[in-house]
Number of protein chains: 4
Amino acid sequence: MSTTRGRIDKRQAILDGAFTVFARHGYAQAGVEDVAREAGVAKPTVYNHMTDKATLFRHAMRAAAMDALDQRVAALAPLADPGDDLPATLEAVALTLLRLHTDSRYCALRSLLYSEITHFPDILDIVKEFGLDRVNQALADRLARLALAGRLRTTDPDLAAEQFMALVLGPLEARSQMGTRQLEEAELAGIARAAVETFARAWIVS
Amino acid sequence: MSTTRGRIDKRQAILDGAFTVFARHGYAQAGVEDVAREAGVAKPTVYNHMTDKATLFRHAMRAAAMDALDQRVAALAPLADPGDDLPATLEAVALTLLRLHTDSRYCALRSLLYSEITHFPDILDIVKEFGLDRVNQALADRLARLALAGRLRTTDPDLAAEQFMALVLGPLEARSQMGTRQLEEAELAGIARAAVETFARAWIVS
Amino acid sequence: MSTTRGRIDKRQAILDGAFTVFARHGYAQAGVEDVAREAGVAKPTVYNHMTDKATLFRHAMRAAAMDALDQRVAALAPLADPGDDLPATLEAVALTLLRLHTDSRYCALRSLLYSEITHFPDILDIVKEFGLDRVNQALADRLARLALAGRLRTTDPDLAAEQFMALVLGPLEARSQMGTRQLEEAELAGIARAAVETFARAWIVS
Amino acid sequence: MSTTRGRIDKRQAILDGAFTVFARHGYAQAGVEDVAREAGVAKPTVYNHMTDKATLFRHAMRAAAMDALDQRVAALAPLADPGDDLPATLEAVALTLLRLHTDSRYCALRSLLYSEITHFPDILDIVKEFGLDRVNQALADRLARLALAGRLRTTDPDLAAEQFMALVLGPLEARSQMGTRQLEEAELAGIARAAVETFARAWIVS
DNA sequence: CATGAATGAGTGTTCATTCAT
DNA sequence: AATGAATGAACACTCATTCAT
């Protein structure tokens, strides 16, 4: 069993190391040797597990994207049972999303996806399977339930979800200075509050 | 004079070609030779104008970012004299911004900035000087005027501007599939209308 | 006993596989992994039997060279009792030699010996022990007997043997296009006949 | 002009160096770096002139094969005007051929052709254009003239040429120990004399 | 000033060889 | 004894950069 474990662990270590290194240097600048060092293995071991640098990249990206999607969907959980104060719940969810979105690994993931989509047209599949669209859909599902419960305007949950996400995450782009500025918790809270306030005026049944 | 002209033209050709090539292949994958070919000159000529591949990159990025900012600020012009129907004017502005934002060169610019910010910490200056923050500021100025004119809630024009931009541009991220899907004009118009509607509920004095 | 058998068989399988693979790809291009696969064992098993790739090569070559010599010496057997028609017997022998010489494994053996003699100076021993010189000697012995029996000019059986071999095998070099062209049986027969005819004029007592 | 000269010279140096190195180490074992060093240039310069290691090999082989053919055809020149003593002329020609055939570069050429024909099926063209067959043809032409002049049996100049070459060069294979033993001039002369003697009995009109 | 040619440094990939099981 | 997995060393090929012209 330890053998299998060891192999699995090593594979995981390689994928993790790969993402770390790709995140740090970009695809082209990252050396397979760096990946190996980061994963604590020798260079050929990387090639024993992944045929190519390209394949290595694809697998590492897919794993990271899956993680990211899981985290975001989990962040929506409170909406399943929002309690009396819906705005407060939305604000909490918004804050969690903002924290996730300012995490450096996630920033790196997005940036890598954007910059390598030209060279790896097939990573579009990763985006379709694990991208923000999926979060929007999950959120729309939650909002639809709330609409049925009479707590939200019932017109278009997809649009509501999209605008909620936009109001919450949109401000990050300009404020985070391309991810170089680490936003204070208070600033994130402020964004969340303002987003929910505007969202509420447009969508919440008071 | 024609000599000087020629030199200037050549410099411009090099910067243009550089941005085109960097946009196509990314910084690391782009070859100086490719840039030279694209600009119609020989490789050493590039080095005669720009000391480095890095310098070449910085100059090309700066030029592209300046262009982009100019276009966006120009797009706000209608707000200087909005006429009677403010929502309609906002919608027109929003649509123009969406068109600009889905342009492939702009997508490439953003993606390059994001992916190379690690290797070129100093391109942060470009962002500060010509980034979206500047558009937000310009928009906030316009909105402040409108607030003074009693047509907008007067609380916080900066926040209003930020949320306007978020509602307009935010939906693009999920919908454009990382810039691979070319959005229809109708879809853009839909986004603009929905954005302005929500914005109006929160900010416009009716 | 079956264990020992198995071991011997495995060793033989490894040597055979090794020669096959070396013949196909050349020494440097051949991978030990290929040899292992061809022999139906795992790579370390090869190393359990042969210390080195080099040793493996040497043993495989020696085995192949021994086989080749045996075949050629056996081909001379008819000369022990040539019957009345000496030319006919010589022609039969010549034809057998030609067939052996155009066999693809033998071509590969020669070509490997020639190309690796620089890297493996010691395979010269293989040539001395099992090379064409040995065939010449064996043939010279036969011819000496025939000379004593008054059927051949008695001057120099070594030279006679050498020239017989040259007349028989020499034409192959140009005709076989480096072993790529498979000569027809009729063509081989023609070469044999012509060789014996010329040999006869010079050496046979009529 | 010196520029062009220099480039041509460099190309020639690369081809020469390549053949030298390939001859020394074989195709697979030879490093492009070694070739560059041997040619007195840097590694990328080799790639500037030849796209591939494979292409480099093909060109080097072709050049060497052309040289070899030229030398051999030139060696036949005396037969154009053989004088009174035909056997003596043939012997002289034979000796020259033997000297050419024992040259180490030629041995290497043959051995490389044989060993790499599998990986480079197209070098067969080189053999067809510049191989021994061409020497046989040229020799057959000469012999045909001599036959017309009544000095040779007129039956089959092609066969005569083939057998002449076989009698002269055939003995080398066994004697030279795969090119490792450097044959003495006297030994070569002996081979030549014996070859011509046997050839004469079969073909020369006395 | 513009260019063709040359180079030094670096990277992806392979392979003979060796442990741990 | 036999194997799956790991490694160190090597090598083909590329590219930013610089001379000579």
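Chain letters run A, B, ... following the sequence lines, proteins first and then strands; every chain starts at 1.
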Nearest whole Å is fine: how far is [N] [atom2] from [X] [atom1]?
{"X": "B:I14", "N": "E:dC1", "atom1": "CD1", "atom2": "C1'", "value": "12 Å"}
{"X": "B:R11", "N": "E:dA2", "atom1": "CZ", "atom2": "C1'", "value": "17 Å"}
{"X": "A:M50", "N": "E:dG12", "atom1": "CE", "atom2": "P", "value": "16 Å"}
{"X": "D:D9", "N": "E:dA5", "atom1": "CG", "atom2": "P", "value": "14 Å"}
{"X": "D:L56", "N": "F:dC11", "atom1": "CG", "atom2": "P", "value": "15 Å"}

Does D:K53 make a cation-pi contact with D:Y27, if we ask for NZ or CZ under 6.0 Å from the ring centre and within 45° of the axis?
-> yes

cation_pi(B:R110, A:Y114) dist<6.0 Å, angle<=45 |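 Positive - B:R110 is close enough to the ring of A:Y114 and near enough to its axis.
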
E:dC1 OP1/OP2 closer than 4.0 Å to side-chain N/O of B:H49 |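 Looking at the OP1 and OP2 atoms of E:dC1, neither is under 4.0 Å from any side-chain N or O of B:H49.
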
Check for a donor-acceptor pair, side chain of C:T55 on one end and backbone N or O of C:T51 on the other, with a separation under 3.5 Å.
->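 Checked: no pair found.
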
Verify, without hydrogens or angle tests, whether B:K43 (side chain) and B:V35 (backbone) share a donor-acceptor contact under 3.5 angstrom.
->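 No; zero donor-acceptor contacts below 3.5 Å.
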
Its contact letters, B for base, S for sugar-phosphate only and - for none at protein heavy atoms under 4.0 Å, make nucleotides 14-19 of chain E read BBBBB-

Assign each of A:D34 and B:T45 to its nearest nucleotide of DNA chain E by heavy atoms, then name whichever residue's nucleotide is nearer the 5' end.
-> B:T45

Using 30° and 60° as the class limits, which term best fits the ring planes of A:H119 and B:H25: parallel, tilted or perpendicular?
->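 The arrangement is parallel - the two ring planes meet at less than 30°.
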
Hey, mind stepping through A:F130 and A:R62 against side chain to side chain contact (heavy atoms under 4.5 Å, CB included) and telling me if it holds?
-> CA-CA 8 Å; A:F130 310 109; A:R62 167 169 290 262; 3.6 Å; yes

Salt-bridge test for B:D34 and B:R37: reply yes if a basic N is under 4.0 Å from a carboxylate O, no otherwise.
-> yes

Measure from the side chain of D:K10, starting at C-beta and using heavy atoms only, and say which of E:dA6, E:dT7, F:dT3 lies closest.
->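 Shortest atom-to-atom distance from the side chain points to E:dA6.
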
By side chain to side chain donor-acceptor pair (under 3.5 Å) - contacts of B:T45 (at least two apart) = none

Interatomic spacing from CG in D:L56 to CZ in D:F19 - rounded to 0.5 Å | 12.0 Å

Dot-bracket notation for DNA chain E, counting Watson-Crick and G-U pairs under 3.5 Å, with | for partners on another strand | .||||||||||||||||||||

